[in-house]
Enquirer: 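Dropping a structure here in structure tokens format, bear with me for questions.
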2 protein chains.
Amino acid sequence: MVMTPFKVLAEPKRERILKLLATKPLSVNEIAEFLNMGQPQTSKHLKVLLDANFVWYEVKAQNRIYHLDHQGFDEVDKWLRSIKNFMVT
Amino acid sequence: MVMTPFKVLAEPKRERILKLLATKPLSVNEIAEFLNMGQPQTSKHLKVLLDANFVWYEVKAQNRIYHLDHQGFDEVDKWLRSIKNFMVT
DNA sequence: CAGATATATACGTTTCAAGCAATATTCAAA
DNA sequence: TTTGAATATTGCTTGAAACGTATATATCTG
């Protein structure tokens, strides 16, 4: 699907997933339950976040425990700074 | 239209407008020319950026000179930090 | 005021990604 | 090796936003 980092973050539900994962790493079903989302959509959103390096996962039994990944955030941070460096006010 | 800051930045052309404005303030037609975009689309994108406080404009004769506005960027920065504070790695 | 220039808005069309339901895959435990 | 639980994938439908064209508004200049 190949999305820009901003496009990945543009979806409110993905924003909420990241906010939730900031509190603690969670499995797919836990995320789905916390956010009242269906499991398939949750998986799909997680895949988008994974491809853009906003999350990574650890296999634990039949579960995949998703964690935040700093790489995606760093990229956004870098973009922000590249613009802010030129800002007057 | 009411968009989240990330949704505003999700459109590649709006990203390019901001990058361009980081070099210097420009009028609508100048932006349209630099980026090979139609004038109406350019106006429309600028309105979206304006509503989200990524740009502001100064009236100069018949022209509107658009500038970057730190407010929009600050908001994104704030969001990033609110997540990074909880990141382990 | 008339004409010209710069910008904004309205409208119809199109495109792309989210949502949902069904199905497939993976892996563990008995 | 069968069963069940957790997760991923596929296909279809739908809605929101981008695009192009045409038109409207505003502001300068003569």
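Every chain is numbered from 1 and lettered A, B, ... according to where its sequence line falls, protein lines coming before strand lines. Fair warning: this is a prediction, and the values are worked out from it, not measured in the lab.
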Enquirer: Does B/R64 make a side-chain N or O approach to OP1 or OP2 of D/dA26 shorter than 4.0 Å?
Expert: no

Enquirer: Nearest whole Å is fine: how far is C/dT7 C1' from B/L26 CG?
Expert: 15 Å

Enquirer: Please report the distance, rounded to the nearest Å, between CG in B/L46 and P in C/dT7.
Expert: 10 Å

Enquirer: Using a heavy-atom cut-off of 4.0 Å across all strands, would you classify A/Q41 as base, sugar-phosphate, or nothing?
Expert: sugar-phosphate

Enquirer: For A/Q39 and for B/Q39, find the nucleotide of DNA chain C with the closest heavy atom, then tell me which residue's nucleotide is more 5'.
Expert: B/Q39

Enquirer: Check this for me: does any side-chain nitrogen of one of A/K84 and A/D77 sit under 4.0 Å from a carboxylate oxygen of the other?
Expert: no

Enquirer: By the side chain to side chain donor-acceptor pair (under 3.5 Å) test, which pairs, at least two apart or in different chains, include something from residues 1-11 of chain A?
Expert: none

Enquirer: Among D/dT7, C/dA8, D/dA18, which nucleotide sits nearest the side chain of A/N29?
Expert: D/dT7

Enquirer: At 4.0 Å (heavy atoms only), tell me whether A/K47 reaches a base, stays on the sugar-phosphate, or touches nothing.
Expert: sugar-phosphate

Enquirer: Between D/dA8, C/dG19, D/dT9, which nucleotide gets closest to the side-chain atoms of A/H45?
Expert: C/dG19

Enquirer: Would you mind telling me which of C/dT7, D/dA18, D/dA6 lies closest to the side-chain atoms of B/K44?
Expert: D/dA18

Enquirer: I need the CZ-C1' distance between B/F6 and D/dA16, as an integer number of Å.
Expert: 20 Å

Enquirer: Under 3.5 Å, is there a donor-acceptor pair between the B/K13 and B/T42 side chains?
Expert: no

Enquirer: Toward the 5' end of DNA chain D, which comes first, B/K7 or A/V28, by nearest nucleotide?
Expert: A/V28

Enquirer: Starting from the C-alpha separation in whole Å, work towards a yes-or-no answer on side-chain contact (heavy atoms from CB on, under 4.5 Å) for A/W79 and B/L9.
Expert: CA-CA 11 Å; A/W79 187 88; B/L9 298 177; 4.2 Å; yes

Enquirer: Would you classify B/Y57 as touching base, sugar-phosphate or nothing, given that sugar-phosphate means primed atoms plus P, OP1 and OP2, and contacts are heavy atoms under 4.0 Å?
Expert: nothing

Enquirer: Rounded to whole angstrom units, what separation is found between the CE atom of A/M3 and the C1' atom of C/dA18?
Expert: 9 Å

Enquirer: Counting only side-chain heavy atoms from C-beta out, which of D/dA18, D/dA16, C/dA22 sits nearest to A/P40?
Expert: C/dA22

Enquirer: In whole Å, what is the span from the CD1 atom of B/I17 to the P atom of D/dA18?
Expert: 11 Å

Enquirer: Under 4.0 Å, counting only non-hydrogen atoms across every strand here, what does A/E11 touch: a base, just sugar-phosphate, or nothing?
Expert: sugar-phosphate

Enquirer: Can you measure A/L49 atom CG to C/dA18 atom C1' for me and round it to whole angstrom units?
Expert: 14 Å

Enquirer: Is the distance from OP1 or OP2 of C/dT7 to the nearest side-chain N or O of B/N63 less than 4.0 Å?
Expert: yes

Enquirer: Look at the rings of B/H67 and B/W56 and say which category their plane angle falls in: under 30° parallel, 30 to 60° tilted, over 60° perpendicular.
Expert: parallel

Enquirer: Report which part of the nucleic acid A/S27 touches: base, sugar-phosphate, or nothing (heavy-atom distance under 4.0 Å, all strands).
Expert: sugar-phosphate

Enquirer: Any Lys/Arg nitrogen of B/E58 or B/K60 sitting under 4.0 Å from an Asp/Glu carboxylate oxygen of the other?
Expert: yes

Enquirer: Rounded to the Å, how far apart are A/K13 NZ and D/dA16 P?
Expert: 13 Å

Enquirer: Measure the distance from CD1 on A/I31 to C1' on D/dA8 and round it to the nearest whole Å.
Expert: 14 Å

Enquirer: For A/M37 and A/Q62, take the nucleotide of DNA chain C holding the closest heavy atom to each; which residue's nucleotide lies nearer the 5' end?
Expert: A/M37

